J.: 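Before anything else, here's the structure in question.
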Amino acid sequence: MKKYLFLSTALILGALTFSSCSSDDDSNGTPSEEAYKNRTYGTEAIDACDQTVTALGRANEAIATAKLSDEQEAALRQVLTNLVNHVIVPTYTDLADDVEDLEKTLNGLTVSTITQAQIDKACADFKAARQHWERSEAFLGGAASDFSIDPTIDSWPLDRAELLDYFKGGMTAEIEDESTILGFHALEFILFRNGQNRKVSELQGNDTYKNFESVSGADELKYAQQVCRLLKERCFQLQVAWEGEKNASRVAVVKAAGLGYRTVNGLSYGENLVKAGIADSKSTFPSLKEAIAQVLSDDEGSCVAISNEVGTAKIANPFTNGDIAYVESPYSYNSITDFQDNIRSIRNVWLGSLDGSAAQGSFHSFFAGVGMSNVNDEMEGAFNSAINKIGAMPSPFVKYCSVIWNKNFDDPTNWESTSEE
């Protein structure tokens, strides 16, 4: 392999060694009751996310401060091309496919014919879609941010009081796009409880969740179908925005919903990233380095942003600050998996693949090619450690935080979050 050496750089990185756990599953076996009282697990997970933020910042700085040769610029442009074609577009396509499957499953559910197998299928579809969404959060910069897709489909915590009022009001109130009773977490509340798929008997009758006893399963199913249709439109929007008008049927859905899917200069978001810094290309990125910074370390919509959010908000708000309502994915008990998948989204960006292997034309291959494998050592050690440390927390995360703070998540006095999103 040809070596590309930096002509100058202000940063030399040392390799770091991280310990790792034996498993990166979302549960640490069956935790003992004492494990739920041990703050070490949460603290180490937060610290590992912070180490990932630091490693990403250093990697970006190594590029930002380098005098790049033409060959190095071409190699980095290939990194962006590979990222779009083999990570971003496939992730959003898989997400759109899974949400479309979920909508088809939900649309077949009626209280007169519903079966447990149908509910179980809807729950499986939901978790598949959820995985792809969480593995997209390292590249929220672009369409997800520009069109407010993230707050529309993934705002949390679910406002249980607002949702209850909506049902009690006959489901006629107008719901704003960024309401926290839309998107994944509204569907999660209807499909799961206490980490289990909902039971046919409950959806054929009335809810049993505290204060929701007057809400019928029929109304919940009707609402889930409405929410999923909106979710599907937004996920189609992500795919179309990044790949352009390649899927005519999904483009038609996006247009019919009145949703935008091009940059302000009329490009697809894939073209916009790949053409960064090219004269007369209409890219919104003035330079290649600015595009790289957006991917790796900008404050919003980057790898740094999601690692920081996982550590300082998703974990820390409920675990460190006691804001028990802020737990993400508390009804499906999918919190720890969500957090790990957020970090895996960083892994996928760095390695340029979806399977955990380093692709040719990735950040990994670029730094190896310029003789800076120590950058890879630090970066890959950091995100692997974060995945493992998050997975070492006692599962479910909602119980872990509840025990630490002696609070009951389901108690209506704990429904309201004190954290700002």
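The model shown is predicted, which means the values in this text are computed figures rather than measured ones. In what follows, residues are counted from 1 in the order of the sequence shown.
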J.: Got a salt bridge between Asp97 and Arg250, using NZ or NE/NH1/NH2 to carboxylate O under 4.0 Å?
T.: yes
J.: Working to the nearest 0.5 angstrom, can you tell me the gap between Leu203 CG and Thr110 OG1?
T.: 11.5 Å
J.: Do you know the tightest heavy-atom contact between Ile315 and Ile390?
T.: CD1-CG1, 4.2 Å
J.: State which residue, out of Asp154, Asp98, Asp341, fulfils the salt bridge (charged side-chain N to carboxylate O under 4.0 Å, His left out) condition with Arg130.
T.: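 Checked Asp154, Asp98, Asp341 against Arg130; only one passes salt bridge (charged side-chain N to carboxylate O under 4.0 Å, His left out): Asp154.
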J.: Would you please test Thr418 and Asn321 for side-chain contact (heavy atoms from CB on, under 4.5 Å) and show each step?
T.: CA-CA 10 Å; Thr418 58; Asn321 303 330; over 6 Å; no
J.: For Val84 versus Gly270, what's the shortest heavy-atom pair and its separation?
T.: CG1-CA, 3.7 Å
J.: Could you tell me if Thr180 and Asp159 have a donor-acceptor pair between their side chains, going purely by distance under 3.5 Å?
T.: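 Side-chain D/A pair, Asp159 to Thr180: absent.
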J.: Does Gln225 reach the main-chain N or O of Leu106 with its side chain, forming a donor-acceptor pair under 3.5 Å?
T.: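 Yes, Gln225 side chain to Leu106 backbone: donor-acceptor pair under 3.5 Å.
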J.: For the residue pair Phe212 and Phe189, categorise the inter-ring angle as parallel (less than 30°), tilted (30 to 60°) or perpendicular (more than 60°).
T.: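 Plane angle between 30° and 60°, so tilted.
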J.: State, to 0.1 Å, how close Val99 and Cys228 come at their nearest heavy-atom pair, and which atoms those are.
T.: O-SG, 4.1 Å
J.: Test side-chain hydrogen bond (donor to acceptor under 3.5 Å, both in side chains) on Ser179 and Glu162; report intermediate values, then the result.
T.: CA-CA 9 Å; Ser179 168; Glu162 182 183 344; 3.2 Å; yes
J.: Atom CG of residue position Asp299 - does it have more than 12 heavy atoms of other residues, nucleotides or ligands inside 6.0 Å?
T.: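 No, not enclosed.
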J.: Any carboxylate oxygen within less than 4.0 angstrom of a Lys/Arg side-chain nitrogen, looking at Lys127 and Glu134?
T.: no
J.: Check the pair Gln226 / Arg229 against side-chain hydrogen bond (donor to acceptor under 3.5 Å, both in side chains), numbers first and verdict last.
T.: CA-CA 5 Å; Gln226 294 171 348; Arg229 176 180 58 81; over 6 Å; no
J.: Should Ser345 and Glu137 be marked as a side-chain hydrogen bond (donor to acceptor under 3.5 Å, both in side chains) after you check the CA-CA gap, both sets of side-chain angles, and the distance that decides it?
T.: CA-CA 6 Å; Ser345 71; Glu137 293 208 43; over 6 Å; no
J.: Return yes if some donor-acceptor pair links the side-chain N/O of Ser268 with the main-chain N/O of Glu271 below 3.5 Å, else return no.
T.: yes
J.: Would you call the rings of Tyr269 and Phe147 parallel, tilted or perpendicular, taking 30° and 60° as the class edges?
T.: perpendicular
J.: Salt bridge between Asp207 and Arg198, side-chain N to carboxylate O under 4.0 Å?
T.: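 Looking at Arg198 together with Asp207, the answer is yes, because their closest N to O distance falls below 4.0 Å.
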J.: Can you classify the ring geometry of Trp156 versus Tyr326 as parallel (below 30°), tilted (30 to 60°) or perpendicular (above 60°)?
T.: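 Trp156 vs Tyr326 ring planes: tilted.
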J.: Could you go through the side-chain contact (heavy atoms from CB on, under 4.5 Å) check for Gln239 and Lys246 one step at a time?
T.: CA-CA 10 Å; Gln239 179 186 345; Lys246 295 180 180 180; over 6 Å; no
J.: Over all heavy atoms of both residues, which pair between Asp355 and Ser353 is shortest? Give the atoms and the distance, please.
T.: OD1-OG, 3.1 Å
J.: Take atom NZ of Lys407 as the centre, draw a 6.0 Å sphere, and report whether it contains more than 12 heavy atoms from other residues, nucleotides or ligands.
T.: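 More than 12 heavy atoms, drawn from other residues, nucleotides or ligands, come within 6.0 Å of this atom.
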J.: Once you round to the nearest 0.5 Å, how far does CD1 of Ile324 lie from OG of Ser402?
T.: 3.5 Å
J.: So Phe383 and Leu56, side-chain contact (heavy atoms from CB on, under 4.5 Å) or not? Walk me through it.
T.: CA-CA 10 Å; Phe383 63 62; Leu56 285 161; over 6 Å; no
J.: For Phe126, which residues count as a ring-ring contact (aromatic ring centres under 6.0 Å, His included) partner, sequence neighbours excluded?
T.: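 Counting only residues at least two positions away or on another chain, Phe126 forms a ring-ring contact (aromatic ring centres under 6.0 Å, His included) with Phe184, Phe192.
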J.: Check Ala59 against Val375 and note the closest heavy-atom contact, atom names and distance.
T.: CB-CG1, 3.9 Å
J.: Taking Glu188 for the side chain and Ser332 for the main chain, is one N or O donor matched with an acceptor at less than 3.5 Å?
T.: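 Indeed, once roles are kept as given, a pair shorter than 3.5 Å links the two residues.
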J.: Please report whether the ring centroid of Tyr261 lies less than 6.0 Å from that of Phe236.
T.: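 No, the ring of Phe236 stays outside the 6.0 Å limit from the ring of Tyr261, centre to centre.
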J.: Applying ring pair (Phe, Tyr, Trp, His ring centres under 6.0 Å) between Phe409 and each of Trp415, Tyr333, Tyr209, Tyr331, report the one that passes.
T.: Tyr331
J.: Are Tyr41 and Phe319 close enough that their ring centers fall under 6.0 Å?
T.: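 Not under 6.0 Å, so no.
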J.: Can you say whether the rings of Tyr92 and Phe139 are parallel (under 30°), tilted (30 to 60°) or perpendicular (over 60°)?
T.: perpendicular
J.: Please test Asn317 against Asp323 for side-chain hydrogen bond (donor to acceptor under 3.5 Å, both in side chains), starting from the C-alpha separation and ending with a verdict.
T.: CA-CA 6 Å; Asn317 281 349; Asp323 185 0; 5.3 Å; no
J.: With rounding to the nearest 0.5 angstrom, report the NE2 to CD1 distance, His185 to Ile153.
T.: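 Separation between the atoms: 9.5 Å.
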J.: Salt bridge check: are Glu73 and Arg77 linked by an N-O gap of less than 4.0 Å?
T.: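 Looking at Arg77 together with Glu73, the answer is no, because their closest N to O distance does not fall below 4.0 Å.
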J.: For a quick test of reading the model, state the closest non-hydrogen atom pair linking Leu231 to Leu187 and the distance between them.
T.: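 Taking Leu231 first and Leu187 second, the nearest heavy atoms are CD2-CD1, 3.7 Å.
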J.: Ring centres under 6.0 Å, that's the criterion: do Phe367 and Trp350 meet it?
T.: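 Aromatic pair counts; centres sit under 6.0 Å.
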